[in-house]
There are 2 protein chains.
Amino acid sequence: MAIIRNTIAKKAVFEIIQLNKTAMSQTEIFAKVNNICDRVTVYRILERLVKEVKIHKIVNINGVINYAPCNSCSHEQHLHHDHLHFSCTTCKKLTCIADNHIELNIPSNYQVAEVFLTVSGICPDCIIMA
Amino acid sequence: MAIIRNTIAKKAVFEIIQLNKTAMSQTEIFAKVNNICDRVTVYRILERLVKEVKIHKIVNINGVINYAPCNSCSHEQHLHHDHLHFSCTTCKKLTCIADNHIELNIPSNYQVAEVFLTVSGICPDCIIMA
DNA sequence: TTTATAAACGCAACAATGTTGCATAATTGT
DNA sequence: ACAATTATGCAACATTGTTGCGTTTATAAA
């Protein structure tokens with residue numbers, strides 16, 4: 001029903017997310033949009049992009065919500081959970097790692113929607129630093 | 001070094017977590033302690049219980065941190081990730097589901113610490129209601 | 001039982017993240 | 001160019017979590 005508008009701010013936010021290798025929080029994204037819009041607008045744009053399945057929402061292990069592009073993962077793939085998130089405890093970066101197909105063993109009276117698989121640890125960049 | 005004290009508030013918080021079937025947030029736990037202590041104290045007690053490996057911390061898909069007892073899962077089991085969390089999108093309850101052993105396919109230059117596996121969907125109770 | 005000591009607490013204040021209402025601005029189909 | 005309605009800015013608020021500091025309390029030792 002609703003007509004989707006492609007505004008300047010929305011394009012900017014989407015581009016920032018797409019160009020970044022790791023997932024980003026609203027705070028990080030807002031810092032990069034260079035006052036092109038209000039921080040509330042960033043929240044609302046992110047909400048819309050999620051609804052349009054252009055980006056997806058990932059909760060980091062500290063509870064902060066991050067956003068990553070839906071490039072490699074189609075909606076179906078995402079649903080069939082063959083991708084995983086690595087959360088670095090040192091630099092706090094959240095990275096997508098593909099090719100992880102997992103088998104679940106959930107009682108049939110549960111209705112599964114999405115699978116979130118996050119692994120914490122130290123990423124290659126931070127191991128080198130140590 | 002530090003001597004661990006077993007205070008009234010700590011006992012109450014631990015009991016609340018143990019008696020509850022699903023994981024609970026600080027807000028829910030605080031609501032149940034009946035003003036036996038300050039909300040800050042609840043946060044600090046939870047912190048201590050996590051450190052003592054009596055309870056564990058789980059981030060729900062909305063970013064809220066929840067706490068569950070470490071009954072069935074020993075620290076080692078937890079590390080070897082054979083248990084999973086089901087996050088109901090309707091009632092927001094977070095339930096532990098055992099017997100889920102998963103194989104990971106992560107590049108060797110990542111150093112893995114912990115595995116967090118959360119599945120969203122609708123829990124049996126909410127399916128009945130619908 | 002009393003006392004010393006460090007752990008635990010309460011309170012107040014702060015910080016970060018996310019949400020809502022409403023008036024105004026901007027995009028898009030016609 | 002215009003109308004319709006989507007998107008935005010601003011202000012205010014809500015929730016969750018944290019910190020500092022003076023006071024209270026649990027515990028071990030006297």
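Chain naming here is simple, since letters A, B, ... match the order of the sequence lines and numbering starts at 1 in each. Atom set for the values below is all heavy atoms of this structure, side chains included, hydrogens, waters and symmetry mates excluded.
For Lys57(B) and dT16(D), the NZ to P distance is 15 Å, given to the nearest whole Å. As a whole-Å value, the separation of Ile4(A) CD1 from dT28(C) C1' is 13 Å. As rounded to whole Å, 13 Å separates atom P of dT6(D) from atom CD of Glu52(A). Atom pair Asn62(A):CG and dT16(D):C1' shows a separation of 13 Å (rounding to whole Å applied). dA14(D) atom C1' lies 12 Å from atom CZ of Arg39(A), rounded to whole Å. Separating the NZ atom of Lys51(B) from the P atom of dA7(C) is a distance of 11 Å, rounded to the nearest angstrom. With rounding to whole Å, Asp38(A) atom CG is found 10 Å from dA11(D) atom C1'. Whole-Å rounding puts the Ile3(B) CD1 to dA7(C) P distance at 7 Å.
Under the 4.5 Å side-chain heavy-atom criterion for ILVMFWY residues, a single connected hydrophobic cluster contains both Ile16(A) and Ile36(A). Under a hydrophobic-cluster definition in which Ile, Leu, Val, Met, Phe, Trp and Tyr are linked whenever side-chain heavy atoms come within less than 4.5 Å, directly or via other members, Tyr43(B) and Leu49(B) are assigned to different clusters. A continuous path of hydrophobic side-chain contacts links Val112(B) to Ile97(A) [ILVMFWY only; heavy atoms under 4.5 Å].
Counting non-hydrogen atoms under 4.0 angstrom, Leu46(A) reaches nothing in the nucleic acid.
The rotation axes computed at either terminus of the helix from dT1(C)-dA30(D) to dT30(C)-dA1(D) lie 40° apart, taking five pairs at each end and rounding to 10 degrees.
A donor-acceptor distance shorter than 3.5 angstrom exists from the side chain of Thr89(B) to the backbone of Gly121(B), with no hydrogens or angles considered. Proximity of a side-chain donor or acceptor of Glu28(B) to a complementary backbone N or O of Ser25(B) within less than 3.5 Å is detected. A distance-only check finds a donor-acceptor pair linking the side chain of Asn66(B) to the backbone of Val64(B) [under 3.5 Å].
Not a single donor-acceptor contact under 3.5 angstrom links the side-chain atoms of Arg44(A) to the base of dG18(C). With hydrogens and angles ignored, a donor-acceptor pair closer than 3.5 Å exists between the side chain of Arg5(B) and the base of dA6(C).
Remark: Lys10(A) engages Glu52(A) in a salt bridge, criterion side-chain N to carboxylate O under 4.0 Å.
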Using side chain to side chain contact (heavy atoms under 4.5 Å, CB included), reason through Phe30(B) and Asn35(B) one step at a time and then give a plain yes or no.
CA-CA 8 Å; Phe30(B) 179 61; Asn35(B) 282 317; 4.2 Å; yes
Please evaluate residues Lys32(B) and Val13(B) with respect to the criterion side chain to side chain contact (heavy atoms under 4.5 Å, CB included), reporting the C-alpha separation (whole Å), side-chain torsions for both, the decisive distance (0.1 Å), and the verdict.
CA-CA 8 Å; Lys32(B) 287 207 170 192; Val13(B) 167; over 6 Å; no
Would you sort out whether Phe86(B) and Leu94(B) count as a side chain to side chain contact (heavy atoms under 4.5 Å, CB included), showing the intermediate values?
CA-CA 6 Å; Phe86(B) 189 90; Leu94(B) 197 61; over 6 Å; no
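Listed by residue number, the members of residues 19-33 of chain B with any heavy atom below 4.0 angstrom from DNA chain D are Gln26(B), Thr27(B).
Not one side-chain nitrogen or oxygen of Thr41(B) sits closer than 4.0 Å to the OP1 or OP2 atom of dA8(C).
Distance from the side chain of Thr7(B) is smallest for dC9(C) among the nucleotides dT8(D), dC9(C), dG17(D). Which of dG9(D), dC11(C), dA7(D) sits closest to the side chain of Arg48(A) comes down to dA7(D).
Residue-to-nucleotide proximity on DNA chain D shows that, of Val40(A) and Asn66(B), the 5′-proximal contact is made by Val40(A). Residues Asn6(B) and Tyr67(B) both approach DNA chain D. Their nearest nucleotides, taken by heavy-atom distance, put Tyr67(B) toward the 5′ side.
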